[in-house]
Chemist: 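This is the structure I want to talk about, given as C-alpha coordinates.
Here is the naming used below: chain letters follow the sequence lines, and residue numbers restart at 1 for every chain.
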Amino acid sequence: MKGKKETVKQLLNSTEYDRTVNIKGWVRTKRGNNTIAFAAINDGSVIHNLQVVIDVQKFDEDLLKNITTGSCINVTGKLVQSLGKGQTVELQAENIELYGTADPETYPLQKKGHSLEFLREIAHLRPRTNTFGAVLRIRHTLAFAIHKYFNDNGFYYLHTPIITGSDCEGAGEMFRVTTLDLKNLPVDDKGTIDYSGDFFGKETNLTVSGQLEGELGAMALSKIYTFGPTFRAENSNTPRHLAEFWMIEPEVAFYDINDNMDLAEDFLKYLISYVLDNCKDDLEFLQNMYDKELIDRLKFINSNNFERITYTRAIEILEQSGQQFEFPVHWGSDLQTEHERYLVEKYFKKPVIVTDYPMAIKAFYMKQNDDGRTVRGMDVLFPKIGEIIGGSQREENFNKLMQRINELKLPQKDLWWYLDTRKYGSAPHSGFGLGFERLVLFVTGMGNIRDVIPFPRTPKNAEF
RNA sequence: UCCUCAGUAGCUCAGUUGGUUAGAGCGGCGGACUGUUAAUCCGUAGGUCGUAGGUUCAAGUCCUACCUGAGGAGCCA
(Lines give C-alpha, C1' and ligand atoms only; values in the text may rest on other atoms or scores of the structure.)
Protein backbone atom coordinates (compact mmCIF):
# COMPACT_ATOMS: atom_id res chain seq x y z
CA MET A 1 0.00 0.00 0.00
CA LYS A 2 2.40 2.67 -1.12
CA GLY A 3 0.34 4.97 -3.31
CA LYS A 4 1.73 6.84 -6.27
CA LYS A 5 3.47 10.15 -5.50
CA GLU A 6 1.26 12.99 -6.60
CA THR A 7 1.42 16.76 -6.30
CA VAL A 8 -0.81 18.91 -4.15
CA LYS A 9 -2.20 20.32 -7.38
CA GLN A 10 -3.16 16.88 -8.66
CA LEU A 11 -4.70 15.79 -5.37
CA LEU A 12 -6.75 18.95 -4.86
CA ASN A 13 -8.22 18.51 -8.33
CA SER A 14 -8.88 14.81 -7.86
CA THR A 15 -12.35 13.42 -7.36
CA GLU A 16 -11.18 9.82 -7.03
CA TYR A 17 -11.73 9.46 -3.32
CA ASP A 18 -10.92 6.67 -0.88
CA ARG A 19 -7.70 5.65 -2.59
CA THR A 20 -4.20 5.47 -1.22
CA VAL A 21 -1.95 8.30 -2.33
CA ASN A 22 1.43 9.73 -1.46
CA ILE A 23 2.44 13.35 -1.04
CA LYS A 24 5.76 14.99 -0.25
CA GLY A 25 6.01 18.60 0.78
CA TRP A 26 6.68 21.29 3.33
CA VAL A 27 4.48 21.91 6.34
CA ARG A 28 2.94 25.37 6.42
CA THR A 29 1.03 25.02 9.69
CA LYS A 30 0.07 22.35 12.16
CA ARG A 31 -2.66 22.63 14.77
CA GLY A 32 -4.82 20.32 16.79
CA ASN A 33 -5.17 18.65 20.17
CA ASN A 34 -4.35 15.37 21.88
CA THR A 35 -6.60 13.40 19.61
CA ILE A 36 -6.42 14.90 16.19
CA ALA A 37 -4.00 17.16 14.36
CA PHE A 38 -4.07 18.97 11.04
CA ALA A 39 -1.05 19.80 8.94
CA ALA A 40 -1.28 22.02 5.88
CA ILE A 41 1.25 20.78 3.34
CA ASN A 42 2.50 22.59 0.25
CA ASP A 43 4.85 21.42 -2.50
CA GLY A 44 4.87 24.52 -4.67
CA SER A 45 2.80 22.94 -7.44
CA VAL A 46 -0.05 25.29 -6.62
CA ILE A 47 -0.72 28.04 -4.12
CA HIS A 48 -3.20 25.97 -2.12
CA ASN A 49 -2.26 23.52 0.62
CA LEU A 50 -3.38 19.96 1.14
CA GLN A 51 -4.74 19.26 4.60
CA VAL A 52 -3.24 16.17 6.17
CA VAL A 53 -5.39 14.76 8.99
CA ILE A 54 -3.43 12.98 11.69
CA ASP A 55 -4.96 10.60 14.23
CA VAL A 56 -2.59 11.37 17.08
CA GLN A 57 -2.95 7.93 18.70
CA LYS A 58 -1.60 6.21 15.59
CA PHE A 59 1.75 7.98 15.53
CA ASP A 60 4.85 8.30 17.64
CA GLU A 61 4.83 11.36 19.86
CA ASP A 62 8.35 12.43 18.88
CA LEU A 63 7.47 12.25 15.20
CA LEU A 64 4.43 14.48 15.62
CA LYS A 65 6.39 16.91 17.75
CA ASN A 66 8.84 17.41 14.89
CA ILE A 67 6.15 18.18 12.34
CA THR A 68 6.41 21.92 12.65
CA THR A 69 6.10 24.89 10.34
CA GLY A 70 8.81 24.56 7.71
CA SER A 71 9.53 20.86 8.17
CA CYS A 72 9.38 18.48 5.22
CA ILE A 73 7.35 15.30 5.31
CA ASN A 74 6.44 12.34 3.14
CA VAL A 75 2.88 11.20 3.79
CA THR A 76 1.01 8.15 2.58
CA GLY A 77 -2.67 7.85 3.31
CA LYS A 78 -6.19 7.86 2.05
CA LEU A 79 -7.53 10.73 -0.02
CA VAL A 80 -11.04 11.49 1.22
CA GLN A 81 -13.72 14.12 0.94
CA SER A 82 -13.09 16.53 3.75
CA LEU A 83 -15.08 16.04 6.93
CA GLY A 84 -14.49 19.64 7.89
CA LYS A 85 -15.27 22.92 6.23
CA GLY A 86 -12.77 24.96 4.26
CA GLN A 87 -11.53 22.35 1.79
CA THR A 88 -13.08 19.68 -0.37
CA VAL A 89 -10.43 16.99 -0.08
CA GLU A 90 -7.98 15.98 2.61
CA LEU A 91 -5.52 13.21 3.29
CA GLN A 92 -6.01 10.79 6.19
CA ALA A 93 -2.43 10.00 7.16
CA GLU A 94 -1.50 6.33 7.51
CA ASN A 95 2.25 6.64 7.34
CA ILE A 96 4.43 9.70 7.85
CA GLU A 97 8.14 9.93 7.17
CA LEU A 98 9.96 13.00 8.41
CA TYR A 99 12.42 14.18 5.75
CA GLY A 100 13.71 17.27 7.47
CA THR A 101 12.95 19.13 10.65
CA ALA A 102 12.78 22.91 11.03
CA ASP A 103 13.59 24.12 14.52
CA PRO A 104 10.71 26.42 15.50
CA GLU A 105 13.07 28.43 17.70
CA THR A 106 15.08 29.55 14.69
CA TYR A 107 12.98 28.99 11.56
CA PRO A 108 12.23 32.56 10.48
CA LEU A 109 8.94 32.04 8.66
CA GLN A 110 5.88 32.26 10.84
CA LYS A 111 2.29 31.43 10.14
CA LYS A 112 1.50 35.11 10.06
CA GLY A 113 2.40 37.49 7.32
CA HIS A 114 5.85 39.02 6.99
CA SER A 115 6.89 42.31 5.48
CA LEU A 116 8.39 42.09 1.99
CA GLU A 117 11.46 43.90 3.30
CA PHE A 118 12.07 41.17 5.87
CA LEU A 119 11.54 38.43 3.31
CA ARG A 120 14.23 40.02 1.11
CA GLU A 121 16.69 39.33 3.93
CA ILE A 122 15.75 35.65 3.83
CA ALA A 123 15.51 35.27 0.07
CA HIS A 124 16.71 31.68 0.42
CA LEU A 125 13.49 30.78 2.25
CA ARG A 126 10.97 33.18 0.79
CA PRO A 127 10.04 30.90 -2.14
CA ARG A 128 8.20 28.92 0.55
CA THR A 129 5.72 31.72 1.12
CA ASN A 130 2.42 32.06 -0.71
CA THR A 131 3.45 35.38 -2.19
CA PHE A 132 6.74 34.22 -3.66
CA GLY A 133 5.29 30.91 -4.76
CA ALA A 134 2.70 32.86 -6.73
CA VAL A 135 5.24 35.32 -8.14
CA LEU A 136 7.69 32.60 -9.15
CA ARG A 137 5.01 30.51 -10.85
CA ILE A 138 3.82 33.56 -12.77
CA ARG A 139 7.42 34.43 -13.64
CA HIS A 140 7.91 30.96 -15.05
CA THR A 141 4.65 31.11 -16.97
CA LEU A 142 5.63 34.43 -18.55
CA ALA A 143 9.05 33.09 -19.55
CA PHE A 144 7.42 30.07 -21.13
CA ALA A 145 4.82 32.22 -22.92
CA ILE A 146 7.58 34.43 -24.34
CA HIS A 147 9.30 31.46 -25.96
CA LYS A 148 5.96 30.10 -27.13
CA TYR A 149 4.89 33.38 -28.70
CA PHE A 150 8.11 33.79 -30.62
CA ASN A 151 8.31 30.18 -31.65
CA ASP A 152 4.71 30.19 -32.85
CA ASN A 153 5.42 33.33 -34.87
CA GLY A 154 8.54 32.17 -36.66
CA PHE A 155 11.22 33.77 -34.50
CA TYR A 156 14.49 32.03 -33.65
CA TYR A 157 16.03 32.22 -30.19
CA LEU A 158 19.50 33.71 -30.62
CA HIS A 159 22.03 33.40 -27.81
CA THR A 160 24.01 36.61 -27.68
CA PRO A 161 27.17 36.79 -25.56
CA ILE A 162 27.17 37.60 -21.87
CA ILE A 163 30.75 38.80 -21.99
CA THR A 164 31.26 41.62 -24.42
CA GLY A 165 34.34 43.35 -25.77
CA SER A 166 32.57 46.49 -26.82
CA ASP A 167 31.48 49.24 -24.48
CA CYS A 168 29.66 51.24 -27.11
CA GLU A 169 26.20 49.87 -26.52
CA GLY A 170 25.59 53.07 -24.66
CA ALA A 171 23.06 51.63 -22.30
CA GLY A 172 24.83 52.37 -19.04
CA GLU A 173 27.77 51.65 -16.76
CA MET A 174 29.28 48.19 -17.18
CA PHE A 175 30.74 45.54 -14.91
CA ARG A 176 34.36 44.78 -15.76
CA VAL A 177 35.33 41.17 -16.45
CA THR A 178 38.97 40.40 -15.80
CA THR A 179 41.41 37.80 -14.52
CA LEU A 180 44.14 40.38 -13.92
CA ASP A 181 45.55 40.55 -10.39
CA LEU A 182 43.75 43.53 -8.94
CA LYS A 183 46.53 44.01 -6.40
CA ASN A 184 49.17 44.24 -9.10
CA LEU A 185 47.73 45.72 -12.28
CA PRO A 186 49.97 46.12 -15.33
CA VAL A 187 50.08 49.87 -15.71
CA ASP A 188 52.10 52.00 -18.12
CA ASP A 189 53.77 55.36 -17.41
CA LYS A 190 50.52 57.25 -17.87
CA GLY A 191 48.59 55.00 -15.49
CA THR A 192 46.69 53.24 -18.27
CA ILE A 193 46.01 49.57 -17.66
CA ASP A 194 47.47 47.16 -20.21
CA TYR A 195 44.84 44.51 -20.97
CA SER A 196 46.98 42.55 -23.42
CA GLY A 197 47.80 40.08 -20.66
CA ASP A 198 44.20 39.74 -19.55
CA PHE A 199 42.20 36.58 -20.27
CA PHE A 200 40.73 37.87 -23.53
CA GLY A 201 43.68 40.10 -24.34
CA LYS A 202 41.43 43.14 -24.26
CA GLU A 203 39.09 44.99 -21.99
CA THR A 204 35.85 43.06 -21.47
CA ASN A 205 32.60 43.65 -19.63
CA LEU A 206 29.26 42.02 -18.89
CA THR A 207 26.69 42.82 -21.51
CA VAL A 208 24.25 45.69 -21.08
CA SER A 209 22.26 44.65 -24.14
CA GLY A 210 22.25 41.93 -26.74
CA GLN A 211 20.84 44.22 -29.38
CA LEU A 212 23.88 44.80 -31.54
CA GLU A 213 24.54 41.08 -31.83
CA GLY A 214 20.81 40.52 -32.20
CA GLU A 215 20.85 42.68 -35.31
CA LEU A 216 23.53 40.41 -36.78
CA GLY A 217 21.18 37.47 -36.32
CA ALA A 218 18.22 39.30 -37.82
CA MET A 219 20.31 40.06 -40.91
CA ALA A 220 20.39 36.33 -41.59
CA LEU A 221 17.45 34.61 -39.87
CA SER A 222 15.04 37.54 -40.42
CA LYS A 223 13.21 37.13 -37.12
CA ILE A 224 15.18 36.53 -33.94
CA TYR A 225 14.85 37.21 -30.25
CA THR A 226 17.19 37.09 -27.32
CA PHE A 227 16.23 36.30 -23.74
CA GLY A 228 19.08 36.47 -21.31
CA PRO A 229 20.70 38.13 -18.35
CA THR A 230 21.73 41.75 -18.65
CA PHE A 231 23.93 43.78 -16.34
CA ARG A 232 24.03 47.45 -15.49
CA ALA A 233 26.49 48.86 -12.98
CA GLU A 234 24.40 51.98 -12.45
CA ASN A 235 23.99 53.09 -8.88
CA SER A 236 20.23 52.97 -9.26
CA ASN A 237 18.23 52.67 -6.08
CA THR A 238 14.62 52.43 -7.15
CA PRO A 239 11.85 49.82 -7.07
CA ARG A 240 12.22 49.48 -10.85
CA HIS A 241 15.96 48.81 -11.29
CA LEU A 242 18.23 45.81 -10.84
CA ALA A 243 21.95 45.46 -11.50
CA GLU A 244 21.27 42.01 -12.97
CA PHE A 245 18.04 41.51 -14.85
CA TRP A 246 16.64 39.56 -17.77
CA MET A 247 15.83 41.17 -21.06
CA ILE A 248 13.95 40.05 -24.14
CA GLU A 249 15.07 41.65 -27.39
CA PRO A 250 13.33 40.76 -30.64
CA GLU A 251 14.96 42.03 -33.81
CA VAL A 252 13.24 41.71 -37.16
CA ALA A 253 14.45 42.30 -40.67
CA PHE A 254 12.13 44.24 -42.98
CA TYR A 255 10.09 45.66 -40.10
CA ASP A 256 9.61 49.40 -39.96
CA ILE A 257 8.69 51.25 -36.81
CA ASN A 258 4.98 50.61 -37.30
CA ASP A 259 5.52 46.88 -37.65
CA ASN A 260 7.66 47.16 -34.54
CA MET A 261 4.86 48.81 -32.58
CA ASP A 262 2.37 46.23 -33.79
CA LEU A 263 4.70 43.49 -32.61
CA ALA A 264 5.26 45.10 -29.21
CA GLU A 265 1.56 45.56 -28.58
CA ASP A 266 0.52 42.12 -29.78
CA PHE A 267 3.34 40.50 -27.81
CA LEU A 268 2.47 42.22 -24.52
CA LYS A 269 -1.22 41.44 -24.91
CA TYR A 270 -0.48 37.81 -25.65
CA LEU A 271 1.67 37.48 -22.53
CA ILE A 272 -0.95 39.08 -20.32
CA SER A 273 -3.67 36.85 -21.78
CA TYR A 274 -1.52 33.80 -21.26
CA VAL A 275 -1.11 34.55 -17.58
CA LEU A 276 -4.80 35.41 -17.15
CA ASP A 277 -5.63 32.03 -18.67
CA ASN A 278 -3.03 29.97 -16.82
CA CYS A 279 -2.33 31.59 -13.44
CA LYS A 280 -5.81 32.32 -12.14
CA ASP A 281 -5.26 31.15 -8.56
CA ASP A 282 -1.97 32.98 -8.16
CA LEU A 283 -3.36 36.20 -9.64
CA GLU A 284 -6.37 36.05 -7.34
CA PHE A 285 -4.11 35.60 -4.33
CA LEU A 286 -1.94 38.57 -5.31
CA GLN A 287 -5.02 40.65 -6.00
CA ASN A 288 -6.45 39.91 -2.57
CA MET A 289 -3.19 40.54 -0.76
CA TYR A 290 -1.56 43.42 -2.61
CA ASP A 291 -3.45 44.98 -5.47
CA LYS A 292 -7.25 45.04 -5.51
CA GLU A 293 -7.48 46.14 -9.16
CA LEU A 294 -4.88 43.75 -10.56
CA ILE A 295 -7.01 41.46 -12.71
CA ASP A 296 -9.23 44.27 -13.97
CA ARG A 297 -6.14 46.25 -14.93
CA LEU A 298 -4.69 43.32 -16.87
CA LYS A 299 -7.97 42.78 -18.69
CA PHE A 300 -8.23 46.49 -19.41
CA ILE A 301 -4.80 46.53 -21.05
CA ASN A 302 -5.84 43.71 -23.32
CA SER A 303 -9.15 45.21 -24.38
CA ASN A 304 -7.80 48.61 -25.46
CA ASN A 305 -5.46 49.73 -28.19
CA PHE A 306 -2.25 51.36 -27.05
CA GLU A 307 -2.25 55.07 -27.83
CA ARG A 308 0.42 55.94 -30.37
CA ILE A 309 1.74 59.51 -30.43
CA THR A 310 4.87 61.24 -31.55
CA TYR A 311 7.22 62.87 -29.09
CA THR A 312 6.33 66.24 -30.62
CA ARG A 313 2.63 65.62 -29.97
CA ALA A 314 3.41 64.48 -26.42
CA ILE A 315 5.20 67.75 -25.76
CA GLU A 316 2.18 69.68 -27.08
CA ILE A 317 -0.17 67.79 -24.80
CA LEU A 318 2.07 68.39 -21.80
CA GLU A 319 2.47 72.08 -22.60
CA GLN A 320 -1.28 72.51 -22.90
CA SER A 321 -2.08 70.39 -19.84
CA GLY A 322 -2.05 73.27 -17.39
CA GLN A 323 -0.19 70.97 -15.00
CA GLN A 324 2.61 72.27 -12.83
CA PHE A 325 5.55 69.96 -13.49
CA GLU A 326 8.69 69.98 -11.42
CA PHE A 327 10.64 69.80 -14.68
CA PRO A 328 9.15 72.15 -17.30
CA VAL A 329 8.59 70.58 -20.69
CA HIS A 330 10.10 71.85 -23.89
CA TRP A 331 10.86 70.29 -27.24
CA GLY A 332 14.26 68.67 -27.06
CA SER A 333 14.28 67.57 -23.45
CA ASP A 334 13.70 63.98 -22.44
CA LEU A 335 10.35 63.04 -20.92
CA GLN A 336 10.57 62.85 -17.13
CA THR A 337 8.80 60.28 -15.02
CA GLU A 338 6.15 62.85 -14.06
CA HIS A 339 5.49 63.59 -17.73
CA GLU A 340 5.13 59.94 -18.63
CA ARG A 341 2.78 59.37 -15.73
CA TYR A 342 0.62 62.28 -16.77
CA LEU A 343 0.29 60.96 -20.32
CA VAL A 344 -0.43 57.38 -19.30
CA GLU A 345 -2.40 57.73 -16.09
CA LYS A 346 -4.21 61.05 -16.49
CA TYR A 347 -4.48 62.02 -20.15
CA PHE A 348 -4.92 58.78 -22.09
CA LYS A 349 -5.57 56.42 -19.17
CA LYS A 350 -4.04 53.50 -21.07
CA PRO A 351 -0.65 52.38 -22.41
CA VAL A 352 1.03 54.90 -24.66
CA ILE A 353 3.69 54.41 -27.31
CA VAL A 354 5.76 57.55 -27.87
CA THR A 355 7.73 57.70 -31.12
CA ASP A 356 10.03 59.94 -33.11
CA TYR A 357 12.20 61.42 -30.38
CA PRO A 358 14.76 64.16 -30.87
CA MET A 359 17.92 62.69 -32.32
CA ALA A 360 20.10 64.24 -29.63
CA ILE A 361 18.58 62.28 -26.76
CA LYS A 362 18.55 58.83 -28.38
CA ALA A 363 21.12 56.19 -29.28
CA PHE A 364 23.30 56.34 -32.39
CA TYR A 365 21.72 53.34 -34.11
CA MET A 366 18.18 54.72 -34.39
CA LYS A 367 16.92 55.47 -37.89
CA GLN A 368 16.98 59.13 -38.75
CA ASN A 369 13.80 60.74 -40.01
CA ASP A 370 13.74 62.99 -43.08
CA ASP A 371 13.17 66.07 -40.90
CA GLY A 372 16.80 65.84 -39.84
CA ARG A 373 16.06 66.24 -36.16
CA THR A 374 14.12 63.17 -35.00
CA VAL A 375 14.75 59.42 -34.96
CA ARG A 376 12.40 56.45 -35.15
CA GLY A 377 12.62 55.39 -31.55
CA MET A 378 9.65 54.11 -29.61
CA ASP A 379 9.00 53.75 -25.90
CA VAL A 380 6.03 51.80 -24.59
CA LEU A 381 4.81 53.40 -21.38
CA PHE A 382 2.67 51.45 -18.93
CA PRO A 383 0.71 52.62 -15.91
CA LYS A 384 2.48 52.20 -12.56
CA ILE A 385 5.84 51.06 -13.95
CA GLY A 386 6.57 53.58 -16.70
CA GLU A 387 8.80 52.49 -19.57
CA ILE A 388 8.39 48.77 -20.12
CA ILE A 389 9.77 48.65 -23.66
CA GLY A 390 12.31 50.76 -25.49
CA GLY A 391 13.03 50.16 -29.14
CA SER A 392 13.42 51.62 -32.60
CA GLN A 393 13.74 51.13 -36.27
CA ARG A 394 17.49 50.90 -36.90
CA GLU A 395 19.52 53.08 -39.20
CA GLU A 396 20.38 50.79 -42.11
CA ASN A 397 22.15 53.42 -44.21
CA PHE A 398 25.91 53.07 -43.81
CA ASN A 399 26.76 56.73 -44.36
CA LYS A 400 24.11 58.08 -42.02
CA LEU A 401 25.14 55.61 -39.34
CA MET A 402 28.80 56.54 -39.73
CA GLN A 403 27.91 60.20 -39.48
CA ARG A 404 26.24 59.64 -36.08
CA ILE A 405 29.11 57.51 -34.85
CA ASN A 406 31.53 60.29 -35.72
CA GLU A 407 29.33 62.99 -34.20
CA LEU A 408 29.14 61.07 -30.95
CA LYS A 409 32.85 60.16 -31.13
CA LEU A 410 32.11 56.46 -30.65
CA PRO A 411 35.05 54.06 -31.08
CA GLN A 412 34.53 53.04 -34.67
CA LYS A 413 37.15 50.30 -34.58
CA ASP A 414 35.13 48.35 -31.99
CA LEU A 415 32.05 48.48 -34.20
CA TRP A 416 33.51 47.15 -37.45
CA TRP A 417 31.41 43.99 -37.34
CA TYR A 418 28.23 45.97 -36.69
CA LEU A 419 29.00 48.31 -39.55
CA ASP A 420 29.57 45.37 -41.89
CA THR A 421 25.84 44.60 -41.77
CA ARG A 422 25.27 47.99 -43.36
CA LYS A 423 27.96 47.31 -45.92
CA TYR A 424 26.81 43.88 -47.02
CA GLY A 425 23.16 43.33 -47.80
CA SER A 426 21.80 45.99 -45.51
CA ALA A 427 18.04 46.04 -44.94
CA PRO A 428 15.46 47.98 -43.00
CA HIS A 429 14.97 46.38 -39.60
CA SER A 430 13.57 47.09 -36.18
CA GLY A 431 13.57 45.73 -32.67
CA PHE A 432 13.02 46.48 -29.03
CA GLY A 433 14.00 45.52 -25.50
CA LEU A 434 11.54 44.36 -22.88
CA GLY A 435 12.66 44.31 -19.27
CA PHE A 436 11.47 40.93 -18.05
CA GLU A 437 11.23 41.88 -14.39
CA ARG A 438 9.27 45.01 -15.24
CA LEU A 439 6.79 42.82 -17.06
CA VAL A 440 6.60 40.46 -14.07
CA LEU A 441 6.18 43.48 -11.82
CA PHE A 442 3.24 44.71 -13.84
CA VAL A 443 1.57 41.32 -14.20
CA THR A 444 1.89 40.38 -10.52
CA GLY A 445 0.97 43.81 -9.17
CA MET A 446 3.99 43.74 -6.88
CA GLY A 447 5.47 47.12 -5.97
CA ASN A 448 9.21 46.41 -5.95
CA ILE A 449 11.28 44.74 -8.67
CA ARG A 450 13.40 43.04 -5.99
CA ASP A 451 10.36 40.92 -5.20
CA VAL A 452 9.85 39.48 -8.68
CA ILE A 453 13.30 37.91 -9.15
CA PRO A 454 14.44 35.06 -6.89
CA PHE A 455 17.74 36.60 -5.82
CA PRO A 456 17.96 40.31 -6.62
CA ARG A 457 21.26 42.05 -7.27
CA THR A 458 21.21 45.73 -6.41
CA PRO A 459 23.83 48.22 -5.20
CA LYS A 460 25.29 46.86 -1.95
CA ASN A 461 23.42 43.59 -2.22
CA ALA A 462 24.68 40.35 -3.79
CA GLU A 463 23.70 37.96 -1.00
CA PHE A 464 22.66 34.39 -1.83
C1' U B 1 24.40 59.77 -6.73
C1' C B 2 20.75 63.56 -4.49
C1' C B 3 16.36 64.48 -1.18
C1' U B 4 13.08 62.52 2.74
C1' C B 5 11.97 58.93 6.38
C1' A B 6 13.29 54.73 9.30
C1' G B 7 16.54 51.17 12.36
C1' U B 8 13.97 49.04 19.98
C1' A B 9 12.51 41.02 21.51
C1' G B 10 12.42 35.98 16.10
C1' C B 11 8.46 39.37 13.36
C1' U B 12 5.31 44.04 13.40
C1' C B 13 5.52 48.14 16.33
C1' A B 14 4.72 51.65 21.03
C1' G B 15 8.14 54.17 24.20
C1' U B 16 5.66 61.53 26.66
C1' U B 17 9.37 68.06 27.71
C1' G B 18 16.10 63.39 28.48
C1' G B 19 14.71 60.75 34.64
C1' U B 20 13.97 54.37 38.67
C1' U B 21 13.97 47.71 36.63
C1' A B 22 12.45 49.40 28.16
C1' G B 23 6.53 47.52 26.82
C1' A B 24 2.47 45.29 23.56
C1' G B 25 0.57 42.02 19.77
C1' C B 26 2.06 37.98 16.97
C1' G B 27 5.57 33.91 16.82
C1' G B 28 8.39 30.28 20.29
C1' C B 29 8.13 27.18 24.70
C1' G B 30 4.80 24.61 28.72
C1' G B 31 -0.30 23.37 29.68
C1' A B 32 -5.97 22.89 28.51
C1' C B 33 -9.41 21.43 24.59
C1' U B 34 -12.50 15.04 20.19
C1' G B 35 -12.52 18.32 13.25
C1' U B 36 -8.98 22.67 13.25
C1' U B 37 -8.79 26.80 9.12
C1' A B 38 -3.98 33.26 10.77
C1' A B 39 -7.94 27.95 15.88
C1' U B 40 -9.08 29.46 20.93
C1' C B 41 -7.93 29.84 26.31
C1' C B 42 -4.19 29.93 30.59
C1' G B 43 0.95 30.42 31.79
C1' U B 44 6.14 31.55 30.47
C1' A B 45 10.98 32.81 28.48
C1' G B 46 13.04 36.28 25.30
C1' G B 47 16.64 43.00 24.61
C1' U B 48 24.56 45.03 22.82
C1' C B 49 17.59 50.08 21.78
C1' G B 50 21.97 49.78 13.86
C1' U B 51 27.61 51.13 14.78
C1' A B 52 31.20 54.66 16.69
C1' G B 53 31.95 59.10 19.01
C1' G B 54 29.94 63.42 21.73
C1' U B 55 26.65 66.62 25.13
C1' U B 56 24.66 65.71 30.22
C1' C B 57 24.38 64.34 37.16
C1' A B 58 21.47 61.12 33.78
C1' A B 59 20.58 59.20 26.67
C1' G B 60 16.20 54.31 23.45
C1' U B 61 15.13 59.78 23.61
C1' C B 62 19.58 65.38 22.04
C1' C B 63 24.15 66.30 18.49
C1' U B 64 27.92 64.44 14.66
C1' A B 65 29.76 60.73 11.41
C1' C B 66 29.13 56.13 9.30
C1' C B 67 26.30 51.51 8.03
C1' U B 68 21.73 49.32 6.45
C1' G B 69 16.69 49.56 4.68
C1' A B 70 12.37 52.08 2.41
C1' G B 71 10.01 56.00 -0.59
C1' G B 72 10.84 59.96 -4.25
C1' A B 73 14.33 61.89 -8.15
C1' G B 74 18.15 60.97 -11.79
C1' C B 75 19.92 56.95 -15.17
C1' C B 76 17.12 53.28 -17.74
C1' A B 77 14.58 48.01 -19.23
Side-chain angles (χ1 to χ4, degrees), chain A residues 28-40 48-57 65 68-70 80 82-87 90 92 102-122 130 169-173 207-211 226 229-249 264 289 325-327 334-341 361-363 379-382 385-391 432-442 447-453 458-461 463:
Chain A
R28 288 294 178 82
T29 70
K30 192 186 75 170
R31 54 187 170 267
N33 53 43
N34 290 329
T35 311
I36 188 164
F38 304 91
H48 308 295
N49 303 324
L50 179 70
Q51 173 157 279
V52 175
V53 185
I54 302 164
D55 182 345
V56 173
Q57 259 82 52
K65 209 176 167 180
T68 58
T69 300
V80 298
S82 179
L83 304 178
K85 288 170 187 155
Q87 58 282 315
E90 62 191 18
Q92 300 274 4
D103 183 358
E105 297 269 2
T106 56
Y107 186 64
L109 289 171
Q110 302 172 177
K111 296 175 188 178
K112 288 196 74 159
H114 291 287
S115 69
L116 294 169
E117 289 85 352
F118 173 67
L119 292 174
R120 268 171 230 151
E121 294 170 13
I122 51 166
N130 287 333
E169 284 151 340
E173 292 296 308
T207 182
V208 293
S209 167
Q211 180 199 317
T226 73
T230 309
F231 307 88
R232 305 266 168 97
E234 300 287 351
N235 192 8
S236 294
N237 293 284
T238 85
R240 298 180 304 282
H241 289 87
L242 292 165
E244 175 184 289
F245 63 101
W246 290 68
M247 189 153 66
I248 299 102
E249 296 177 288
M289 295 298 289
F325 293 114
E326 190 186 342
F327 297 90
D334 211 351
L335 296 178
Q336 304 292 312
T337 298
E338 57 176 343
H339 306 141
E340 295 178 349
R341 292 190 78 117
I361 61 172
K362 288 293 182 183
D379 285 356
V380 180
L381 309 178
F382 259 35
I385 57 170
E387 185 182 338
I388 191 170
I389 278 178
F432 60 78
L434 167 68
F436 184 53
E437 283 75 19
R438 291 208 179 153
L439 175 69
V440 182
L441 197 58
F442 183 77
N448 192 313
I449 203 164
R450 296 158 198 156
D451 297 328
V452 298
I453 187 168
T458 52
K460 300 278 183 281
N461 181 22
E463 196 65 52

Chemist: Select base, sugar-phosphate, or nothing to describe what A:E121 touches, counting heavy atoms under 4.0 Å on all strands.
Modeler: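 No contact.
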Chemist: Considering all heavy atoms of both residues, which atom of A:L439 and which atom of A:L434 are nearest to each other, and what is their separation?
Modeler: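 Between these two residues, the closest heavy atoms are CD2-CD2, 4.1 Å.
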Chemist: Tell me whether A:F245 and B:A77 count as stacked here, given that the ring centres must be under 5.5 Å apart and the planes must differ by less than 30 degrees.
Modeler: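 So yes, this residue stacks on that base, both cut-offs being met.
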Chemist: For a quick check of understanding: with a heavy-atom distance under 4.0 Å over all strands, which category does A:N448 fall into, base, sugar-phosphate or nothing?
Modeler: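 Touches sugar-phosphate only.
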Chemist: Hey, where does RNA chain B pair up into stems, meaning at least three consecutive Watson-Crick or G-U pairs with distances under 3.5 Å?
Modeler: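 Stems found: B:1-7 with B:67-73, B:10-13 with B:23-26, B:28-32 with B:40-44, B:50-54 with B:62-66.
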Chemist: Applying side chain to side chain contact (heavy atoms under 4.5 Å, CB included), can you list everything that pairs with A:P104, at least two apart in sequence or on another chain?
Modeler: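 In terms of side chain to side chain contact (heavy atoms under 4.5 Å, CB included), with neighbours along the sequence ignored, A:P104 is linked to A:T68.
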Chemist: Quote, to the nearest angstrom, the C1' distance that separates B:G28 from B:G18.
Modeler: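 Per the computed distance, 35 Å lies between those C1' atoms.
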Chemist: For A:L242, which contact category applies under a 4.0 Å heavy-atom criterion: base, sugar-phosphate, or nothing?
Modeler: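 Answer is base: heavy atoms of A:L242 come under 4.0 Å of a base.
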Chemist: Is there a side-chain contact between A:R232 and the phosphate of B:C76, meaning an N or O under 4.0 Å from OP1 or OP2?
Modeler: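 Negative; the distance criterion is not met.
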Chemist: Across the strands shown, which category fits A:E249 at heavy-atom distances under 4.0 angstrom: base, sugar-phosphate, nothing?
Modeler: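 No contact at all - A:E249 keeps every heavy atom at 4.0 Å or more from the nucleic acid.
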Chemist: Base, sugar-phosphate or nothing for A:L439? Non-hydrogen atoms, less than 4.0 Å.
Modeler: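 Contact class for A:L439: none.
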Chemist: Within the modelled atom types, does a donor on one side and an acceptor on the other bring the side chain of A:E234 and the base of B:U1 under 3.5 Å apart?
Modeler: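 Checked by distance alone, the answer is no.
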Chemist: Taking only N and O in the side chain of A:N33, is any of them less than 4.0 Å away from OP1 or OP2 of B:G35?
Modeler: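 For B:G35, OP1 or OP2 has a side-chain N or O of A:N33 closer than 4.0 Å.
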Chemist: Scan nucleotides 23-28 of chain B nucleotide by nucleotide, 5' to 3', and note B when protein non-hydrogen atoms come under 4.0 Å of the base, S if they reach only the sugar-phosphate, - if neither.
Modeler: ---SSS
Chemist: Under 3.5 Å, is there an N or O donor on one side and an acceptor on the other linking the side chain of A:R31 and the base of B:C33?
Modeler: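 Flag unset: no donor-acceptor pair detected.
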Chemist: What nucleic acid atoms does A:H114 come within less than 4.0 Å of, heavy atoms only: base, sugar-phosphate, or nothing?
Modeler: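 Here A:H114 touches the backbone only, sparing every base.
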